[in-house]
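The structure appears below as structure tokens.
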Amino acid sequence: DPCLLTRRNGNGIVFIGLYVDDCLCTGHKKAIDEVIKLFKKNSLKLKTEEKLVDYLSCEIIFNDKRDEAWLGQPHLIRNLKKTFGEEVKNLQKYKTPETPGYGILRNVNEDQR
């Protein structure tokens, strides 16, 4: 089961996404460092990446300020279009699969990074 956990400490908040044997941590830098130390202390094997560009076959593209990101699976979309394109070409087209206007905002307080 996919799972989203949060951990708050004096250094801020970390969002921890778990899926089978993959883990993604995002949040305040110092809080993430503390969570990684805790994981290692408990003998978990980790691979850390400072510049994330792919997670669970999702392409991740950040804006120049790195405060917003686009997540997508363009290779799957191309495959679906190739396989089912003719069957669905006349169906209604949606701009986004998410609720329009919904977004997650990042805390921009400098002392929490």
Side-chain angles (χ1 to χ4, degrees):
D1 288 335
C3 197
L4 178 65
L5 308 168
T6 58
R7 180 173 175 88
R8 295 176 194 270
N9 59 39
N11 292 316
I13 187 169
V14 179
F15 296 95
I16 304 167
L18 298 173
Y19 185 79
V20 186
D21 63 346
D22 290 306
C23 177
L24 172 70
C25 296
T26 186
H28 301 102
K29 177 77 171 117
K30 289 180 182 178
I32 292 172
D33 292 342
E34 191 173 309
V35 166
I36 289 172
K37 286 179 191 174
L38 181 63
F39 286 166
K40 287 181 178 179
K41 180 181 173 185
N42 287 291
S43 302
L44 294 173
K45 293 180 184 178
L46 302 174
K47 174 184 171 188
T48 59
E49 296 182 23
E50 289 296 320
K51 300 209 180 226
L52 187 64
V53 294
D54 180 87
Y55 182 68
L56 297 175
S57 294
C58 287
E59 182 179 349
I60 302 171
I61 301 173
F62 287 91
N63 68 353
D64 291 338
K65 291 172 36 180
R66 294 193 58 80
D67 61 355
E68 292 181 4
W70 172 87
L71 281 76
Q73 296 178 306
H75 60 288
L76 292 178
I77 300 299
R78 281 190 299 274
N79 247 355
L80 288 169
K81 281 183 179 179
K82 187 171 132 182
T83 304
F84 301 104
E86 286 301 311
E87 293 177 47
V88 299
K89 71 180 181 183
N90 294 322
L91 296 178
Q92 181 177 352
K93 294 184 174 139
Y94 295 92
K95 184 177 178 182
T96 176
E98 179 56 78
T99 305
Y102 182 80
I104 299 174
L105 298 178
R106 172 180 142 169
N107 186 335
V108 292
N109 189 341
E110 282 296 319
D111 62 346
Q112 294 183 345
R113 288 187 179 181

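Worth knowing before you read on, the calculation uses all heavy atoms, side chains too, and leaves out hydrogens, waters and symmetry mates.
By the 6.0 Å contact criterion, CZ on Phe15 is open, its count of non-hydrogen atoms from other residues, nucleotides or ligands being 12 or less.
Two different hydrophobic clusters hold Leu76 and Ile60 under the rule that ILVMFWY side chains link at heavy-atom gaps under 4.5 Å. Hydrophobic cluster membership is shared by Tyr55 and Val20, with clusters built from Ile, Leu, Val, Met, Phe, Trp and Tyr side chains linked at under 4.5 angstrom. Note on Leu46 and Ile16: same hydrophobic cluster, where clusters join Ile, Leu, Val, Met, Phe, Trp and Tyr whose side-chain heavy atoms are under 4.5 Å apart, directly or indirectly.
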Show me the donor-acceptor pairs, under 3.5 Å and distance only, between side chains in residues 31-40 and residues at least two apart or in other chains.
unit_1, atom_1, unit_2, atom_2, d
Asp33, OD1, Lys29, NZ, 3.3
Glu34, OE1, Asn11, ND2, 2.9
Glu34, OE2, Asn9, ND2, 3.2

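Proximity of His75 to Ser57: side-chain heavy atoms (C-beta onward) are separated by under 4.5 Å at one or more points. Using a 4.5 Å heavy-atom cutoff, the side chains of Val88 and Leu80 are not in contact.
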(message) side-chain contact (heavy atoms from CB on, under 4.5 Å) for Leu56 and Leu24? Distances and angles first, verdict last.
(response) CA-CA 10 Å; Leu56 297 175; Leu24 172 70; over 6 Å; no
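Side-chain atoms of Asn63 come within 3.5 Å of backbone atoms of Asp67 as a donor-acceptor pair (strictly under, hydrogens ignored).
Taking all atoms of both residues into account, the shortest heavy-atom contact from Glu59 to Pro74 is OE1-CG, 3.0 Å. Gly72 approaches Trp70 most closely through the heavy-atom pair CA-CH2, 3.4 Å.
Atom CZ of residue Phe84 and atom CG of residue Asn79 lie 9.5 Å apart, to the nearest 0.5 angstrom.
Sorted by first and then second residue, the pairs that involve residues 69-88 and meet salt bridge (charged side-chain N to carboxylate O under 4.0 Å, His left out), not counting sequence neighbours, are Glu86-Lys89.
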